[in-house]
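Each chain gets a letter, A, B and so on, in the order the sequences are listed, and its residues count up from 1.
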There are 2 protein chains.
Amino acid sequence: MPVETLIKEGDCLDVLQSQPSSSIDLMITSPPYADSRQSTYGGIHPDRYVEWFLPRAEQFLRVLKPTGSFVLNIKEKVVDGERHTYVLELILALRKQGWLWTEEYIWHKRNCYPGKWPNRFRDAWERCLHFTKEKKFKMNQDAVMIPMGDWAGSRLKSLGKNDVVRFDSKVGSGFGKNIANWVRRSMAYPTNVLHLATECGNRKHSAAFPPALPEWFIRVFTDLGDWILDPFAGSGTALKAAKGLGRNAMGIERCPEYCALAQEILNDAQLVLMQPESHYVTAL
Amino acid sequence: MPVETLIKEGDCLDVLQSQPSSSIDLMITSPPYADSRQSTYGGIHPDRYVEWFLPRAEQFLRVLKPTGSFVLNIKEKVVDGERHTYVLELILALRKQGWLWTEEYIWHKRNCYPGKWPNRFRDAWERCLHFTKEKKFKMNQDAVMIPMGDWAGSRLKSLGKNDVVRFDSKVGSGFGKNIANWVRRSMAYPTNVLHLATECGNRKHSAAFPPALPEWFIRVFTDLGDWILDPFAGSGTALKAAKGLGRNAMGIERCPEYCALAQEILNDAQLVLMQPESHYVTAL
DNA sequence: AGCTCTTATGAATCATTGA
DNA sequence: GTCAATGATTCATAAGAGC
């Protein structure tokens, strides 16, 4: 099943003008954080973050299908000793724009940056805000079930590589029935807390989320062949995840160097279904 | 070292009028959750939650010492398919009132309530909002260091009861020096994500937070002999934790039955320093 | 004592029913 | 219609029984 994977250079505010309405199934992105990467991204000042974001979000709202989802990975910076409020204000503003703030997932960063400050512990989590257009939206909960408890955990660990592949291929066409029976009994639905390690592999683009993050949301909120959009594509992590999972994807990125980097990464991307997966979510 | 533990019946808005200014080192509380059902006792409608909370927070601000902390355990409800925004609005309103929104800790509930819904996973986290009056405030980071990695974890498990007691007594007066050396090398500072199980024990009061939650913040933000206030004391979990850690505590509770229950629980409270602790924080 | 197995239940949420 | 009450769903713990 061939999928398209496009990268477009430019500001998503401009690029999306030519995108048809209601054409995207899932938007997932980690936008430029306020002021944090001034040198590379031309960071946005925290006090003006909402007004910068809103016109772009208006385009997002237009191109997203009614049953689609918008997942925004973001975390407020510390400014002057305090957590800045621009993320809170953004949520309120997006609701006024017509979005539904359906859920807030927590990405728990298992291996967060080391460091010590006198009045603060290490920051080990980020928000994954889930917005929708309608109360009813596409959601495939079975696609992200996790091993249940210790008993099942130890059983799963004893599985061979082939079993893992067949287990993983569940999302795709078929699912071995013999294994399905006891897997079903030993699997549980996840919660709204995701335990993922940060990946430090990508040196050229520092801010990207780990592939497991978009993978998880892509599995939950889209089917094979759906369209995924990352309006701040960066090095293309979400695009690669989409391609690997058999979804079409479009990325928009302002910086030409990141565009080139993303294109390069995408050329290496394979369908992950054919490989033992990266254990994107583990039971605690 | 004798400590005082008081319980006062009434609305904290009234009771605190007679409390001296700048007399409290730490406020930690889990306020009544917003509830759209009118029939439930004490339920505040989400749309009026902020206006209900603000005058009480004004008293909190007055009685708290300049170096003190205010920890607010709260989570927004789902209303009409959406996360309600009253918590976000409360944060913004508290900042206008003069509070600094210093940090947001995540309480990850390892054993959250079961259930399955078509558009939502189980809710496994709550906010612990940390407000202060000044940028510099009291913080004892060493008091909550955690075992680091598997090596230290397995070493700790092999310790006998006496070792555990001495290890635990670190927060108190003394700390065995022989064990201290290698413990120090194997301990790490925690992050702003707390992994605590909810407690199933308390049947009379539907168990706000588990004792480990206030314990953790009490260790971080207060010293022995400090004063702790819980303006919505419920069954007195925070008070008991404070007493057990050698801190003075005052609780305010509107419901007479909870007051009686809290008094009963406090009579059983011992200095936890003398007992093997409940492993309030585990490394992931 | 330890270990396995069973059972109860907890600040939940949604769809449905009835007033 | 809107609002309140009920049933169904479901998993990580603790506690207790049995060996």
Side chain proximity check, [X] to [Y], heavy atoms < 4.5 angstrom:
X: A/Val71; Y: A/Leu213; result: no
X: B/Ile24; Y: B/Ile228; result: no
X: A/Thr85; Y: B/Leu88; result: no

Whole-Å distance between [N] [atom2] and [X] [atom1]?
X: B/His108; N: D/dA12; atom1: NE2; atom2: C1'; result: 11 Å
X: B/Asn111; N: C/dA8; atom1: CG; atom2: P; result: 18 Å
X: A/Asp142; N: D/dT10; atom1: CG; atom2: P; result: 10 Å
X: B/Lys109; N: D/dC11; atom1: NZ; atom2: P; result: 17 Å
X: B/Arg110; N: C/dT9; atom1: CZ; atom2: P; result: 23 Å
X: A/Glu103; N: C/dT13; atom1: CD; atom2: C1'; result: 11 Å
X: A/Gln141; N: D/dT9; atom1: CD; atom2: P; result: 15 Å
X: A/Asn192; N: C/dT13; atom1: CG; atom2: C1'; result: 12 Å

How is B/Arg127 classified with respect to the nucleic acid when contacts are heavy atoms under 4.0 Å: base, sugar-phosphate, or nothing? nothing
One should read off an interatomic distance between A/Tyr105 OH and B/Asp123 CG, to the nearest 0.5 angstrom, of 10.0 Å
If you measure from CD1 on B/Ile91 to CH2 on B/Trp99, what distance do you get to the nearest 0.5 Å? 13.5 Å
Intra- and inter-strand pairing of DNA chain D, written as dot-bracket with Watson-Crick and G-U pairs under 3.5 Å and | for the latter, reads .||||||||.|||||||||
Does the side chain of B/Glu104 come under 3.5 Å of the side chain of B/Asn192 through a donor N or O and an acceptor N or O?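 B/Glu104 vs B/Asn192: no donor-acceptor pair found between side chains.
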Can you tell me if B/Asn248 and B/Asp226 form a side-chain donor-acceptor pair at under 3.5 Å?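 Note: B/Asn248 and B/Asp226 side chains miss the donor-acceptor criterion.
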Is a donor on one side and an acceptor on the other found under 3.5 Å between the side chain of B/Asp25 and the backbone of B/Thr222? no
N-O pairing of B/Arg56 and B/Asp11 below 4.0 Å: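 Salt bridge between B/Arg56 and B/Asp11, a charged N being under 4.0 Å from a carboxylate O: yes.
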For nucleotides 14-19 of chain C, tabulate all protein N/O to nucleotide N/O atom pairs closer than 3.5 Å, reporting atom names and distance.
unit_1: C/dC14; atom_1: OP1; unit_2: B/Arg120; atom_2: NE; d: 2.9

Could you tell me how far C/dA11 sits from D/dA8 if I compare only their P atoms? Round to whole Å. 22 Å
In whole angstrom, give me the gap between the C1' atoms of C/dG10 and D/dT9.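 After rounding to an integer number of Å, I get 15 Å for this pair.
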With respect to the side chain of B/Asp123, which nucleotide from C/dT13, D/dA12, C/dG10 is positioned closest?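 Of the candidates, C/dT13 comes closest.
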